[in-house]
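All values reported here derive from a predicted model rather than from experimental measurement. Throughout, protein chains are lettered first and strands after them, A, B, ... in sequence-line order, and every chain is numbered starting at 1.
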Amino acid sequence: MTSVRLIAAALALVPTLAVSDEAQIVRGQYLVTIAGCNDCHTPMVAGENGPERDMTRMLSGHPEQLVMPPLAVRPDSPWETVTSTTFTAWSGPWGVSFTANLTPDPDTGLGRWTLKNFKDTIRTGRHLGRGREILPPMPIPMYRHFTDEDLEAIFAYLQSIPAVKNRVPEPLPPPAALAAQ
Amino acid sequence: MHAACGPMEARTAIAALGLAAALAAGAALAEAALEPLPASAATFTPQYPLWSDGATKRRWISLPEGAAIDGSRPAAWEFPVGTKLRKEFSVGARRVETRTIEHLADGSWQFRAYVWNDAQDAATLAPAAGTIVTLADGTRYRIPSQDDCRACHEGGAAPVLGFNALQLSPDRDPLAPHAEPPRPGDLDLRALAASGKLAAFPRELIETPPRIVAPTPAGRAALGYLHANCGHCHADPKFTNGAVPVELQLAIDPTDPRSAEGVLQTLLTSESRYRPAGAADARLIVPGNAQAGTLPARMRSRDPRIQMPPLGTAKPDLTAIALIARWIHEDLKTPEETSP
């Protein structure tokens, strides 16, 4: 009798869990939307009414097919940062950075990341919290203030979106480093 | 009540204020000064030292009275609350910094760096964000941030990296790059066990101390170097949740004789996620060709976007690069040779 009641209670819990997961993902989607992740991580394309985000490649980062020439910024110019028409390649004093694939593709996106890897990345500004420093314009100095709960929701949402296979290129060195080569 | 205040009183007041400020600053300084370790602290010298751009290092550990390390997981020792470690870095004759690790009462770990003054008689706490010290020859020496400390120390199986069964093994590797001979009085695995400060550690590993099982001496040294310099991030996920999710695993489990073979497998078969611009070949190492492969390339690079390890070093380790090259070139059979 008791065990039956226990099972019933356990079963009753299941939908609650599912709902709260769903709620977390919805909140993550909301945060990703208003924090502007798509602005840089979803490529822009020419649409019927002008440039628009290519949601078939949502949050998949700089398209690997789009090979950019090394540098667009002249050191003596007051214009410092230049971006590609896709808004996914950024040239500045740090060199050229390409926005990352945030979809759950295991080989080219965040598919193998754990929540801890994601939190460590955003909090420390290093790839996986342990590797190289993440380059501008990724707004690490602002995003590191996300609460744990927010980062958990963002990560839950990112892991729930369609995986896109897109191998983003490595960043290119800044003009000074290039000149020294 | 006197509305006016004479120049004398004003001067006294200013002096008093100055004194208060000086006292406050003094108090803050005292708080931030590096404290001496208890007299019971022991020195140790790991057999595979971490490359720190050629700095000379001295290391100490202090274990609390009446407590021991739990060695029941031989590759992931658990240190008692109150454990303190120190590592002093010198460049030439100058002591530059001392890094400290402390296991606090709440169970967390504290990582700090202290910078030595010009007089070399005191060291003060470095800012949490790290700092740059300019050495006499103009070299800019980077003191790590506390995040940097965590980046390495919280990735591996244990937050203490240089004090473990393999590093303290008396069966020392004569080919280990930059190996320092143990100093008199150094704590090694046997001395530690004899002191009663290592509990539940397998007795076989005291009798036959850990040693990397590799087909050649250069292979043993190469794998030892990669273990000590890379294995805390390229760690076995079964020991850590902070490890990087890459296939390449370089940490050796001293209790598992097949561990080195496993590491070699990941080196030969996993693909590098990192691809140099325009390169299609993502192999980490190419047996027989030390010029190819992303592992040697990233060891040679000190471009911060490319280099490995990603932090703690600004100069390539030429000795280790030569060892790894020799190993890849001479000891690792080429795929052609292994196939019948």
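Classification of D54(A) and R57(A) as a salt-bridged pair holds, one side-chain N sitting under 4.0 Å from a carboxylate O. Salt bridge present: R112(A) and D107(A) bring a charged side-chain N and a carboxylate O closer than 4.0 Å.
Interface remark: E247(B) contributes side-chain atoms only to the contact with chain A (heavy atom separation under 4.5 Å). Only the backbone of R123(A) has a heavy atom closer than 4.5 Å to any heavy atom of chain B.
For the set R150(B), R275(B), H232(B), the entry with the most heavy-atom pairs within less than 4.5 Å of chain A is R275(B). Taking R167(A), E133(A), H127(A) one by one and counting their heavy-atom pairs under 4.5 Å with chain B, the maximum is reached by R167(A).
Under the 4.5 Å side-chain criterion, counting only non-hydrogen atoms from C-beta, N117(A) is in contact with P245(B).
Checked against side-chain contact (heavy atoms from CB on, under 4.5 Å), V81(B) has the following partners two or more places apart in sequence or in another chain: H103(B), A105(B).
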